[in-house]
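To keep things clear, I will list the structure first and then write my remarks on it.
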Amino acid sequence: MKLHEYQARDLLEKYGIPVTGGGVATTPTEACAIAERLGRRVVVKAQVFVGGRGKAGGVKLADTPEQTEQVASQILGMQIKGLTVEKVLVAEAISYQKEIYLSAILDRTSKQVMMIASAEGGVEIEEVAKSNPDAIIKLPAHPMLGLQEYQARELAFAIGLTDTKQVRQFAQIATALYRVFVASDASLVEINPLVIRDDGNLQALDSKVLLDDSALFRHPDLAAIRDTSDEPEVEQIARQSDLTFIKLDGTIGCMVNGAGLAMATMDVVKLYGGSPANFLDIGGGASKERVKVALQIILADPNVKAVMFNIFGGITRVDEVARGIIAALEEVPTNVPMVARLTGTNEEEGRRLLAESRLIPAMTLAEAAQKAVAAAQAGA
Ligand code: GDP
Ligand code: MN
């Protein structure tokens, strides 16, 4: 789950990170009122889930409330990288001398929380990684004790801070950032830019937070502020129906029960030269309703040229699933070829039912994958 900048900013503030004051607006009039309240120069920022808003014209300075209203009316409704701006953050504008980059990420390779800092802040870190990789400093937080004070200072020195006060402020911010990361089960907490203001103090001007969806149940307050507008509609429908669905770029729609089996299915499809159009785990007890929703989700993708069912019946009974598939097909008319490999409890009955349908039967996973790949190629 992604947080918007204004949500990330509130979260960082709770942990004592110095952020800029301001508020979020959905209309130019609201933006104007916030600027009036702040009583100073402001920056108006598009709240959309993409980086590089600055370059795209989604970040603009305004000197007066009237100008804020004007700028906000330009930014609201604007398209940035295909997303419509529905909200703007109106924040105090800061004059600064330098932009720094700072983040905490989950580094899967080293299995640690990696702190990343760069003296070349302001631009996207991927750009710095390409143009000047040596300017990126990485330091793993202590795996048992968390980010240590001396580590945070080391990071400050590594990006060239020398002023004692700035080193101390940076270390405090880095430590707080690490605490936000751990406490909210994040996979990324990023401040870019973290600026050195003209008065010498450090302040976070922009931040980005990604949360681990699997841990969201521990954070009902954060789950409640989820903005689903950037998600493909089918993924929202899938989540509402408790289906685990991830869209991919291939042509073979896969309907499988169990996450491990779903991964194995995708591997075997690949092995036989096909490419999966999705990852989908319909879970146990594949009722007609679940199969129907899952099928609708799969077929909503115009790239899908064949569908492959791979169901392993344990507690789930294969004949039930077969009935579910047949009933669902009646309600979701389609000409897309479908291959079914159903095995496990009550499989004979399941096969008998499917033999009367238009589904292409398969006995093994390999056979099903080969038939699905062939059907997809024929339909492409
Ligand atoms: P991003 O482009 O989506 O990452 O959005 P940012 O919030 O990082 O803004 C992009 C750029 O706008 C920053 O790197 C700054 O150069 C500028 N900017 C943002 N906030 C302020 C501010 O308060 N004062 C000034 N002077 N510039 C700002
Ligand atoms: Mn930024």
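Atoms within each ligand, like the ligands themselves, are counted from 1 in listed order.
- Taking the side chain as every heavy atom from C-beta outward, Leu102 and Ile173 approach each other to under 4.5 Å.
- Distance OG1/Thr20 to CD1/Ile94: 6.0 Å, rounded to 0.5 Å.
- From the protein, the heavy atom lying nearest to atom 10 (C) of ligand 1 is Gly54 CA, 4.1 Å.
- Partner of Arg351 under the side-chain hydrogen bond (donor to acceptor under 3.5 Å, both in side chains) criterion, out of Glu349, Glu347, Glu348: Glu347 alone.
- At least one protein heavy atom sits closer than 4.0 Å to atom 13 (C) of ligand 1.
- A salt bridge does not link Arg41 to Glu92: none of the charged side-chain nitrogens sits closer than 4.0 Å to a carboxylate oxygen.
- Taking atom 17 (C) of ligand 1 as the reference point, the nearest protein heavy-atom neighbour is Tyr96 OH, 4.1 Å.
- At a 4.0 Å heavy-atom cut-off, ligand 1 does not touch Thr20 at all.
- Distance check, rounded to the nearest 0.5 Å: CG of Leu76 to CD of Glu30 gives 9.0 Å.
- When non-hydrogen atoms are compared, ligand 1 lies under 4.0 Å from neither the backbone nor the side chain of Glu124.
- For Val50, no nitrogen or oxygen atom sits less than 3.5 Å from a nitrogen or oxygen atom of ligand 1, counting backbone and side chain alike.
- Atoms of ligand 1 found under 4.0 Å from any heavy atom of Glu92, numbered from 1 in the order shown, are 23 (O).
- For atom 25 (C) of ligand 1, the nearest non-hydrogen atom from the set Ile80, Ile94, Val59 comes from Ile94.
- Here the protein heavy atom with the shortest distance to atom 7 (O) of ligand 1 is Lys45 NZ, 2.6 Å.
- Ligand 1 places these atoms under 4.0 Å from at least one heavy atom of Leu205: 20 (N), 21 (C), 22 (C), 23 (O).
- A salt bridge is absent between Lys165 and Asp163; no separation between the charged side-chain nitrogens and carboxylate oxygens falls under 4.0 Å.
- At a heavy-atom cutoff of 4.0 Å, ligand 1 is contacted by the side chain of Glu99 but not by its backbone.
- Ligand-side atoms of ligand 1 in range of Asp206: 1 (P), 4 (O), 5 (O), 6 (P), 7 (O), 8 (O), range being under 4.0 angstrom from any heavy atom.
- Those atoms of ligand 1 with a heavy atom of Pro193 less than 4.0 angstrom away are 8 (O), 14 (O).
- At the top of the distance list for atom 3 (O) of ligand 1, counting protein heavy atoms only, stands Arg53 NE, 2.7 Å.
- Judged purely by atom type and a 3.5 angstrom limit, Asn257 uses its side chain to pair as donor or acceptor with the backbone of Phe312.
- No side-chain N or O of Asp212 forms a donor-acceptor pair with one of Ser187 less than 3.5 Å apart.
- Metal site remark for the Mn ion (ligand 2): Asp206 contributes an N, O or S atom at a distance under 2.8 Å.
- Using a 4.0 Å heavy-atom cutoff, Ser95 is absent from the residues neighbouring ligand 1.
- The distance criterion of under 3.5 Å between nitrogen or oxygen atoms is not met by Lys55 with respect to ligand 1.
- Proximity to Asn192 (heavy-atom distance under 4.0 Å) selects the following atoms of ligand 1: 8 (O).
- In terms of heavy atoms, Thr343 sits closest to Val318 at O-CG2, 3.3 Å.
- Shown in contact with Ala93 at under 4.0 Å from a heavy atom are these atoms of ligand 1, numbered in order with element: 23 (O).
- Of all heavy-atom pairs spanning Ser357 and Ile326, the tightest one is CB-CG1, 4.3 Å.
- With rounding to the nearest 0.5 angstrom, the CD1 atom of Ile159 is 4.0 Å from the CG atom of Leu161.
- For the residue pair Tyr101/Glu190, the side-chain donor-acceptor check at 3.5 Å is satisfied.
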